[in-house]
Amino acid sequence: MKTETMRETTKKVLGTAALFIGSFCIMGCIESPCRAQSSAAPSGLVDLTAAAESSVNAVVYIKVTTNSKTETVDMQDPFSDFFGDFFGFGGGGGTQRRQVQTPKREGSGSGVIISSDGYIVTNNHVVNDADELLVKLNDNREFKGRIIGTDEQTDLALIKIEGKNFPTLPIGDSDKLKLGEWVLAVGNPFNLTSTVTAGIVSAKARSMGANSIESFIQTDAAINRGNSGGALVNARGELVGINAMIYSQTGSYTGYGFAIPTTIMNKVVSDLKEFGVVQRAQLGVKGCDVSNFIDSEKEAGRDVDLGTVNGVYIAEVLDNTTASEAGLRKGDVVTAINGKEVTKMAELQEAVSMLRPGDKVKLTYIRDKKKETASAVLRNAQGTTKVLEQLDMDQFGAAMKPVDDATKKQLNLPYGLEVVAVKKGKMADAGITKGIIILQVNDKPMRTMDDFNEIVKEANRSSDRTLWIRAMTQSGKLRSAVVELDKD
């Protein structure tokens, strides 16, 4: 984590510009006159003052603290390449395992209060590594926050502060946004709290390759680091998106920002509240935008006529999925789901992300230039419609701690988690007993409890909901065990 919580790829994590906007009007027009929180100004001006003033009270500053930790890291031996061959040990570039103390780190971001009892939406990348959360409101009140749930695939998180009668933003329908419509970005860029910038909707259903599920609203409202998790608001003062990224070569605002639409947010929030984990439906296809497929075929010198230039080209249909049940096959082009037109992959992802396993869908597709329809029941990654529940340590029935230095030396171990107590649960059912040292789970080294928790989350989302455990007894004998997450 850096001074600001952010992700860096070619696309850098968003924020909002350091421009403080108080009361202002902007030339332009929107689909309908501003209602309730926003009123139309004379001579065709759009008055954004009411939307701005109401928004800043519902957008919060989130301070994230990650405590100092002891971590085991692999460090390159700087002399191994030089002396290895000289002494006849080979020059393979040796490494050494060392324990290092990470410094206490702090970062910050933004969040949006969506209910008067203190539920707040923000980005997963803002709070994912947090040991402590401090939430500061626009009126300078401060509260400790707790994480209700996170979703890496959409980069959303739900946190909560305790209290009542908190200011909120009404949630609008991002589907109704129009290109060119005025929007406000509200957040805390560079620790400059309660900052508002304005721009227009530049594009919808934009895919940037940052998350596995995305259908971004693109806007030119200025956003920078620290705005992550802040609000994208329409002229009526309604929340229509959660700011998440900027596209930049420098890490600062260069013209475009991207927000997660409320259509996706609403489903994620509902699932995190009810289940603690997102109930994610999957269509079970691999493919791309038809336009991209046609372009790639032309570059290869091949002519292609699919009967359409819009939709999602199916390159592969996975077994035991909704798509296979519906009879889709390679070369089909999906053009609508439940009657809603789909022109590109991002729109298909957005439509499916709003549904749950068990929901029935009607797919419209083109095969051999003819329109076809099929219906099927959506399934999850496990190929079922079963509700996915959040797993906790109580279900495993085991307490663990990193193995101490004396035991590591005695058994010649570089790492491990020692089971210090076992009660009735999944671990006991698998034959795990007190004293056993867990070395690897699903081929991943177990050095800390965070390692175990992460692999459990990963396995819980996978099609094979199983933990393959490699362990050692206190006498040095290797043991293996299998924990089935589906087993009660």
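In what follows, every heavy atom counts, from backbone to side chain, and hydrogens, waters and symmetry copies are set aside. Residue numbers run from 1 in the order of the sequence given.
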Atom [atom1] of [X] and atom [atom2] of [Y]: how far apart are they, to the nearest 0.5 Å?
X	Y	atom1	atom2	result
S55	E238	OG	CD	10.5 Å
L363	T322	CG	OG1	8.0 Å
T168	Y119	OG1	OH	14.5 Å
M446	Q440	CE	CD	8.0 Å
R447	D450	CZ	CG	13.0 Å
F452	I469	CZ	CD1	6.0 Å

Main-chain N/O of [Y] paired with [X] side-chain donor or acceptor, under 3.5 Å:
X	Y	value
S110	G226	yes
N124	N128	no
T262	S174	yes
D289	V312	no
R465	N460	yes
D47	T49	yes
Q349	I213	no
T219	I200	yes
N243	A231	yes
T122	G229	no

task = Take D271 and V277 through the test side chain to side chain contact (heavy atoms under 4.5 Å, CB included) and record every step on the way to the result.
result = CA-CA 6 Å; D271 283 355; V277 62; over 6 Å; no
query = Is it true that atom NZ of K63 has more than 12 heavy atoms of other residues, nucleotides or ligands lying nearer than 6.0 Å?
reply = no
task = Give me the one residue out of N191, N188, N138 that meets side-chain hydrogen bond (donor to acceptor under 3.5 Å, both in side chains) with Y61.
result = N191
N/O donor-acceptor pairs under 3.5 Å from side chains in residues 298-307, not counting sequence neighbours:
from: R302; atom 1: NE; to: E297; atom 2: OE1; distance (Å): 2.9
from: R302; atom 1: NH2; to: E297; atom 2: OE2; distance (Å): 3.2
from: D305; atom 1: OD1; to: G307; atom 2: N; distance (Å): 3.1
from: D305; atom 1: OD2; to: K369; atom 2: NZ; distance (Å): 2.7

Which residues satisfy the salt bridge (Lys or Arg N to Asp or Glu O under 4.0 Å) test with [X], sequence neighbours excluded?
X	value
K444	E458
D175	K340
E325	R379
R470	none

Please say which of [options] ends up in a side-chain contact (heavy atoms from CB on, under 4.5 Å) with [X].
X	options	value
M354	T263, D359, N338	T263
V201	I217, V240, L232	I217
L169	V233, I113, N57, V186	V233

Counterpart residues, side-chain contact (heavy atoms from CB on, under 4.5 Å), relative to [X] (two or more places apart):
X	answer
D151	Q153, T154, V268, V278, R280
T384	N380, Q382, K386
E454	K457
L318	K286, E316, T321

Output every pair passing ring pair (Phe, Tyr, Trp, His ring centres under 6.0 Å) with a member in [range], not counting sequence neighbours, ordered by first then second residue.
range	answer
residues 271-308	F293-Y313
residues 332-366	none
residues 193-213	none

Does the side chain of [Y] come within less than 4.5 Å of [X]'s, by heavy atoms?
X	Y	value
V135	L137	yes
V60	F166	no
V269	K267	no

query = Given the rule in the salt bridge (charged side-chain N to carboxylate O under 4.0 Å, His left out) test, do K204 and E350 qualify, once you have shown the distances and angles that lead to the verdict?
reply = CA-CA 11 Å; K204 295 176 65 178; E350 182 177 355; over 6 Å; no
Minimum heavy-atom separation for [X] to [Y], with atom names?
X	Y	result
W182	G199	CE3-O, 3.0 Å
A185	A221	CB-CB, 4.0 Å
S215	A205	OG-CA, 3.2 Å

request  = Output, in order, the C-alpha distance, side-chain angles, deciding distance and verdict of side chain to side chain contact (heavy atoms under 4.5 Å, CB included) for I337 and V334.
outcome  = CA-CA 8 Å; I337 180 168; V334 177; 5.6 Å; no
task = Output, in order, the C-alpha distance, side-chain angles, deciding distance and verdict of side chain to side chain contact (heavy atoms under 4.5 Å, CB included) for L239 and M265.
result = CA-CA 11 Å; L239 178 69; M265 182 203 79; 4.0 Å; yes
key: side chain to side chain contact (heavy atoms under 4.5 Å, CB included) between T197 and L184, worked out   = CA-CA 6 Å; T197 55; L184 301 176; over 6 Å; no
